[in-house]
Amino acid sequence: MKTLKITYWITTGIVALMMMFSAYAYVTQDTAAKGFHHLGYPDYFRVELAVCKLIGAILLLAPVAVRFKEWAYAAFTIVFISAFIAHTASGDPISMRIMPVIIMGILIASYITYHKMNKAV
């Protein structure tokens, strides 16, 4: 059970920190705005996505109802799949395409350990 908790908190912490950092970068860094323009997205979407990533990260870390965590996991899954598709469609190098896949793997590990911990309780 201890290993399960450690795995859950490490994977969840990594995802939450990455989402908080990217949300911050989306609203403060010019390179993020240029990246969104490169992918063909408007500026308002960048800000909207930053707010949603921040809310999702908080929901993953906070002691909230299972329903809210499920929505956060589902939303992040959609974000990572969409990021992979957007980078692939725009012809970005493999290093840009693979990152959402790696983070999604970490998210899946967080999701699995979250449900295993809930079954043990």
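All of these numbers come straight from a predicted model, not from anything done at the bench. Numbers for residues simply follow the sequence, beginning at 1.
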Any idea which heavy atoms bring [X] and [Y] closest together, and the distance?
{"X": "Ala57", "Y": "Ala16", "value": "CB-O, 3.7 Å"}
{"X": "Ala23", "Y": "Ala50", "value": "CB-O, 3.3 Å"}
{"X": "Ala72", "Y": "Gly56", "value": "CB-O, 3.9 Å"}

Nearest-0.5 Å distance, [atom1] of residue [X] to [atom2] of residue [Y]:
{"X": "Met18", "Y": "Phe80", "atom1": "CE", "atom2": "CZ", "result": "7.5 Å"}
{"X": "Ile98", "Y": "Thr88", "atom1": "CD1", "atom2": "OG1", "result": "9.0 Å"}
{"X": "Leu54", "Y": "Leu49", "atom1": "CG", "atom2": "CG", "result": "11.5 Å"}

Residues two or more places apart in sequence or in another chain: which of them pass side-chain contact (heavy atoms from CB on, under 4.5 Å) with His37?
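Scan of His37 (side-chain contact (heavy atoms from CB on, under 4.5 Å), adjacent residues dropped) gives Asp43.
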Run the side-chain contact (heavy atoms from CB on, under 4.5 Å) test against Pro93 and tell me which residues pass, sequence neighbours left out.
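Result, side-chain contact (heavy atoms from CB on, under 4.5 Å) vs Pro93: Ser95, Met96.
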Pair listing, salt bridge (charged side-chain N to carboxylate O under 4.0 Å, His left out) test, anchored in residues 60-83, at least two apart:
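Every candidate salt bridge (charged side-chain N to carboxylate O under 4.0 Å, His left out) pair involving residues 60-83 fails, so no pair, neighbours aside, qualifies.
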Can you pull out every salt bridge (charged side-chain N to carboxylate O under 4.0 Å, His left out) where at least one residue sits in residues 15-32? Sequence neighbours excluded, please.
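Applying salt bridge (charged side-chain N to carboxylate O under 4.0 Å, His left out) to every pair that reaches into residues 15-32, excluding sequence neighbours, yields Asp30-Lys34.
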Check ring-ring contact (aromatic ring centres under 6.0 Å, His included) between Phe84 and all other residues, then give those that pass, not counting sequence neighbours.
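So Phe84 forms no ring-ring contact (aromatic ring centres under 6.0 Å, His included) with any residue.
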Sequence neighbours left out, what passes ring-ring contact (aromatic ring centres under 6.0 Å, His included) with Phe68? Give chain and number order.
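Residues passing ring-ring contact (aromatic ring centres under 6.0 Å, His included) with Phe68: none at all.
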In the hydrophobic cluster built from side-chain contacts under 4.5 Å, what are the other members alongside Tyr24?
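Its cluster mates, by chain and number: none.
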Through direct or indirect side-chain contacts below 4.5 angstrom among Ile, Leu, Val, Met, Phe, Trp and Tyr, which residues connect to Phe21?
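When side chains under 4.5 Å apart are linked, Phe21 ends up in no cluster with other residues.
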Quick one: side-chain hydrogen bond (donor to acceptor under 3.5 Å, both in side chains) pairs with a partner in residues 1-14, sequence neighbours left out?
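As it turns out, the side-chain hydrogen bond (donor to acceptor under 3.5 Å, both in side chains) pairs with a partner in residues 1-14, which skip direct neighbours, are Thr12-Ser110.
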Keeping to residues at least two apart or across chains, list the side-chain hydrogen bond (donor to acceptor under 3.5 Å, both in side chains) pairs with something in residues 51-65.
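Qualifying pairs: Ser22-Lys53, Tyr26-Lys53.
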ILVMFWY cluster, [X] and [Y] together (side-chain gap under 4.5 Å):
{"X": "Val79", "Y": "Leu17", "result": "yes"}
{"X": "Phe45", "Y": "Ile78", "result": "no"}
{"X": "Phe36", "Y": "Leu39", "result": "yes"}
{"X": "Met117", "Y": "Val66", "result": "yes"}
{"X": "Ile10", "Y": "Leu61", "result": "yes"}

Contacts table for residues 101-109: side-chain donor-acceptor under 3.5 angstrom, sequence neighbours left out:
none

Using the ring of each side chain (for Trp, its six-membered ring), is Tyr73 parallel, tilted or perpendicular to Tyr114, with breaks at 30° and 60°?
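The rings of Tyr73 and Tyr114 sit tilted, inter-plane angle from 30° to 60°.
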Is the shortest heavy-atom distance from the side chain of Phe76 to the side chain of Leu60 under 4.5 Å?
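In short, these two side chains touch, coming nearer than 4.5 Å.
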Are side-chain heavy atoms of Met19 and Ile14 found at a separation under 4.5 Å?
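Contact flag for Met19/Ile14 side chains = no.
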Give a yes or no answer on whether the side chain of Arg97 reaches the backbone of Asp92 with a donor-acceptor pair at less than 3.5 Å.
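Yes; judged by distance alone, with no hydrogens or angles, the pair exists.
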